[in-house]
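Keep in mind that this is a model prediction, so the values were computed, not measured. We name chains A, B, ... by the order of the sequence lines, and we start the count at 1 in each one.
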Amino acid sequence: MTAPRSALSPFVRRVLIAVSRVPPGRAATYGDIARIAGRPRAARAVGRIMSTAAKPGLPYHRIVAAGGRIGGYGGRIQMKIALLVAEGLTVRRGRIVKFEDVRWKGK
DNA sequence: CGCCTGACCGAAT
DNA sequence: TATTCGGCCAGGC
């Protein structure tokens, strides 16, 4: 039988794929992911996808809010920060230092 | 269908 | 720097 294709919409799948492509030590914004997934203005939907359709194994902690601000992580912000720091990033006052240097814009 | 909510964004105040 | 506000998109009711 055809693989039980997930009930996930094409957009959601593209978002999950984009997230899986963000390399360690780097980070992308919700807006970046939305753009890569083909919906430049769906940043909000992207955030909702992560909290609702989150799948294990994907580096969701590398997805942050605009300007390098941390954003959310299911209420576990501290853990998100810890994960980012463990990958070599520096977080200062809720923001990634020199975010533009580690920002992953796809490619 | 309409209304509300969010791990958002960005400009204005 | 903090707060507010309008716009944006998908999903649940």
Select one nucleotide: of [options], the one nearest the side-chain heavy atoms of [X].
| X | options | result |
| --- | --- | --- |
| A/R44 | C/dA10, B/dA7, C/dC8 | C/dC8 |
| A/R41 | B/dA7, C/dA10, C/dC8 | C/dC8 |
| A/Y30 | B/dG6, B/dA7, C/dA10 | B/dA7 |
| A/A65 | B/dC9, C/dA10, B/dC8 | B/dC9 |
| A/M50 | C/dA10, B/dC8, B/dA7 | B/dA7 |

Practice problem: Verify the contact: side-chain N or O of A/R93 to OP1 or OP2 of C/dT1, cut-off strictly under 4.0 Å; return yes or no. | Solution: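 The answer is yes; a side-chain N or O of A/R93 sits under 4.0 Å from OP1 or OP2.
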Whole-Å distance between [N] [atom2] and [X] [atom1]?
| X | N | atom1 | atom2 | answer |
| --- | --- | --- | --- | --- |
| A/I49 | B/dG6 | CD1 | P | 16 Å |
| A/L16 | C/dA10 | CG | C1' | 13 Å |
| A/D32 | B/dC8 | CG | P | 14 Å |
| A/R35 | B/dG10 | CZ | C1' | 16 Å |
| A/R13 | C/dA10 | CZ | P | 15 Å |
| A/R76 | B/dA7 | CZ | C1' | 13 Å |
| A/R69 | B/dG10 | CZ | P | 8 Å |

Do the side chain of [X] and the main chain of [Y] share a donor and acceptor less than 3.5 angstrom apart?
| X | Y | answer |
| --- | --- | --- |
| A/Y60 | A/V19 | no |
| A/S20 | A/I17 | yes |
| A/R103 | A/A28 | no |

Shortest non-hydrogen pair, A/A65 vs A/T29, comes out as O-CG2, 3.8 Å
Exercise. Is A/R48 touching bases, backbone alone, or none of the nucleic acid, heavy atoms closer than 4.0 Å?
Worked result: base
(message) Any base atoms under 4.0 Å from A/A43, or only sugar-phosphate, or nothing? Heavy atoms, all strands.
(response) sugar-phosphate
Before accepting this row, confirm whether a basic side-chain N of the pair A/R26/A/E87 lies closer than 4.0 Å to the acidic partner's carboxylate O.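 Looking at A/R26 and A/E87, the cut-off is not met.
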Practice prompt. Between A/T29 and A/A45, just flag the one whose closest nucleotide in DNA chain B comes earlier from the 5' side.
Written response: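 Closer to the 5' end of DNA chain B: A/A45.
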B/dA7 and C/dG7, which share atom name P, separated by this distance in whole Å
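Per the computed distance, 22 Å lies between those P atoms.
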